Each structure stands twice: as structure tokens, then as C-alpha cells.
Protein chains: 2
Amino acid sequence: MQAQKDAVQLLKNAGLRVTPQREAILQFLLDYDGHATVDDIYTSLQDRFPSMSVSTVYNTVKQLSQVGLVKEIGVGEGASRFDINVEPHHHLVCTRCGALFDFYLEEPIRLSVPPEAEGFEVEDYHVEVRGVCPRCKKQQVS
Amino acid sequence: MQAQKDAVQLLKNAGLRVTPQREAILQFLLDYDGHATVDDIYTSLQDRFPSMSVSTVYNTVKQLSQVGLVKEIGVGEGASRFDINVEPHHHLVCTRCGALFDFYLEEPIRLSVPPEAEGFEVEDYHVEVRGVCPRCKKQQVS
DNA sequence: ACCTAGATGAGAACGATTCTAAAGTACGAC
DNA sequence: GTCGTACTTTAGAATCGTTCTCATCTAGGT
């Protein structure tokens with residue numbers, strides 16, 4: 001019950017109401033090893049919450065990301081993914097199978113802002129590296 | 001007629017059939033100052049091609065990007081944008097108004113690939129910097 | 001126990017994109 | 001120049017991810 005307590009506590013600390021659905025969704029993300037989509041969450045919780053609506057999942061992950069408990073990552077094609085790792089980090093995306101890996105930059109980027117964007121106030125940035133993951137490289141019919 | 005010749009020539013060189021629609025779409029992108037969406041292209045060419053279908057625009061931009069004549073950029077929310085600038089470059093996105101600016105890195109990124117992704121073959125990468133553009137900063141009710 | 005702001009659920013609605021199938025056309029071969 | 005065929009276009013349906021609506025429900029303070 002330790003892990004379950006954590007989800008409840010995190011919600012409370014964030015000032016969010018604790019509902020069974022939220023608790024389950026946050027707990028799912030805490031336990032999930034990877035980057036879950038809304039559909040991953042929704043289908044995985046079907047057993048426990050047969051009547052939960054997709055809207056609830058969308059609402060919840062949106063709120064969780066607003067309070068900084070999860071991070072939304074929208075890379076490549078298809079659905080957004082949600083990451084319990086909220087430290088600034090970046091992603092490798094496999095262009096063959098869509099697999100996603102975290103990575104960190106050895107040093108922050110240095111950018112030269114063009115004249116038209118003079119005064120642009122940087123909030124954060126994200127690097128999306130595209131390529132072929134090791135597994136797909138093996139299966140390659142090169 | 002110089003510009004028009006260019007589009008035709010580019011298509012031929014790329015090994016694509018030259019149709020009036022393709023020529024117009026490529027020409028539109030060559031002339032367009034910025035990052036056009038499919039809808040920008042579609043609505044702008046309504047006058048000249050009243051019966052052109054959105055599918056044609058999608059098909060065409062997909063082919064143009066396959067042969068490297070344009071680059072698809074999918075940043076932030078909403079529709080993909082298409083860029084005639086195919087040099088490697090990156091983007092500033094305004095989180096308020098969605099405005100998009102090109103920028104270049106002063107030096108390439110250095111990344112440390114995590115163990116799970118050992119052997120990942122990098123094809124290319126794209127940096128998306130989020131923040132507030134100068135125009136929105138002025139209008140801010142801070 | 002009660003009230004009420006906020007959360008949930010079902011399904012409709014939406015925007016971007018892809019698919020389908022039928023009709024049309026570019027362009028190489030003759 | 002004409003012909004044939006593989007490729008294109010078109011219109012609209014279909015799909016996918018996401019948001020919206022609104023009636024019902026509930027968490028949590030009083």
C-alpha cells in the first residue's frame with residue numbers, strides 16, 4: 001500500500017481532489033516503465049474502472065501536467081505520450097517502430113535567435129532525435 | 001515566368017510527374033514566406049483550382065517531402081507545417097500565438113545515448129524551443 | 001449529514017489526416 | 001500525333017486523437 005499512498009499524497013500536495021480514477025491514473029503512470037498514451041492508460045484501467053470515460057483520462061493527464069506531476073510529450077506521429085519523468089530531458093524516436101527513449105544533453109544548447117524573433121523569451125526546449133533503434137536495425141533487410 | 005519554370009524543373013529533377021496542381025503547390029511554397037499548413041495551401045489555391053481536393057494537397061506535400069524538396073515540421077498543437085527551407089534548422093514556437101521562427105544552432109548537440117538505446121542510429125534531429133514571441137510579450141497583461 | 005464546487009461519464013462534435021474507388025491525365029512508346 | 005498505361009486527381013467517407021456538452025455524481029469542507 002506504500003505506492004498507493006504515494007499517488008494520493010502527490011495529488012493532495014498538488015491541490016487536486018483525490019478521486020479513485022485520478023489515483024489509479026497517476027499510480028499507473030508511476031508504475032509504468034515508459035511513455036504511456038491516453039489509450040494505454042484507458043485500456044489498462046478498463047478492468048478496474050469499466051465505466052471510466054476517455055474524457056476522464058484526458059482531463060486527468062492534462063491536470064497532472066498542469067501541476068507538473070507528469071510531462072506531455074508529443075513527438076512524431078500519433079497520440080501524445082505522458083511521462084512521469086518531469087526532469088528536463090529529450091527523446092530518441094525510432095522512425096521505424098515508434099519506440100521512444102529518454103536521453104540527456106551533455107550540455108545545454110546554444111542558439112542564435114534571428115532578428116525577426118529578437119526578444120523571444122525562451123521557456124523551455126525539447127530535442128527530438130529521429131533514427132533507427134537497435135532492435136529495428138537488427139531486423140533490417142538491408 | 002522564371003519562377004514558374006523553377007517549380008517545373010524541380011519536379012522533373014526529382015522524378016515526379018508534372019501536374020498543374022503539383023506545380024502550383026510547389027510554387028506556392030517557394031513563394032510563401034513562412035511555414036504553410038495544408039489548409040493555407042488549399043485555401044490559397046482555391047481560386048485557381050476550384051475543384052482541387054485536400055487529398056491532392058496532402059499527397060503532394062508528402063511526395064515533395066519524400067524527395068527532399070520540402071520539410072515537414074510538426075511542432076506544438078495543430079496541423080503540420082511545410083517548409084521550403086530544407087537545410088537543417090530548428091524552430092522557436094510561441095506558446096501564446098503559435099508563431100514559428102527558424103533558428104540555427106551555434107554548434108551541433110552532443111547527446112549521451114542511454115544503455116537501452118545503445119546502437120541507436122541517428123538520422124537527424126530537431127530542436128523545438130517554446131516561449132513567448134516579442135509581439136505577444138508586448139501585449140502581455142503582466 | 002449537508003452543500004457545492006468540482007469531477008465523471010456517455011456520446012456527440014471536431015480538426016487533421018488517410019483511405020477508397022472511380023474518372024482523368026502525363027508522358028513514354030510507337 | 002495517337003495510344004496505352006501507370007500514375008493522379010477528385011469527392012466523400014472513414015479514421016484517429018482530442019475536446020466539448022451536459023446531466024449526474026461525489027469529495028471534502030462546514
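Below, read A as the first sequence line, B as the second, and so on, with proteins coming before strands; counting in each chain starts at 1. Since the structure is predicted, the reported quantities are computational estimates derived from the model, not experimental observations.
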Donor-acceptor pair under 3.5 Å: do we get one between A/S55's side chain and the base of C/dG11? yes
Can you tell me if the side-chain N/O atoms of [X] get under 4.0 Å from OP1 or OP2 in [N]?
X: A/T56; N: C/dG9; value: yes
X: B/S80; N: C/dT17; value: yes
X: B/T19; N: D/dT8; value: no
X: B/Q63; N: D/dC7; value: no
X: B/Q21; N: C/dT25; value: no
X: B/Y58; N: C/dT18; value: no

Please report, rounded to the nearest Å, how far the [atom2] atom of [N] is from the [atom1] atom of [X].
X: A/N59; N: D/dT26; atom1: CG; atom2: P; result: 17 Å
X: A/M52; N: D/dC25; atom1: CE; atom2: P; result: 19 Å
X: B/R17; N: D/dT5; atom1: CZ; atom2: P; result: 13 Å
X: B/Q46; N: D/dA11; atom1: CD; atom2: C1'; result: 13 Å

What's B/T37 touching, base or sugar-phosphate or nothing? Going by heavy atoms closer than 4.0 Å. nothing
Qualifying residue for side-chain hydrogen bond (donor to acceptor under 3.5 Å, both in side chains) with A/H91, from A/R130, A/H126, A/E128: A/H126
Check B/F82 against B/V70 and note the closest heavy-atom contact, atom names and distance. CD2-CG2, 4.2 Å
Upstream residue (5' side of DNA chain C) when B/P20 and B/G78 are each assigned their closest nucleotide: B/G78
Can you work out whether B/L16 or B/V54 has the more 5'-proximal nearest nucleotide on DNA chain C? B/V54
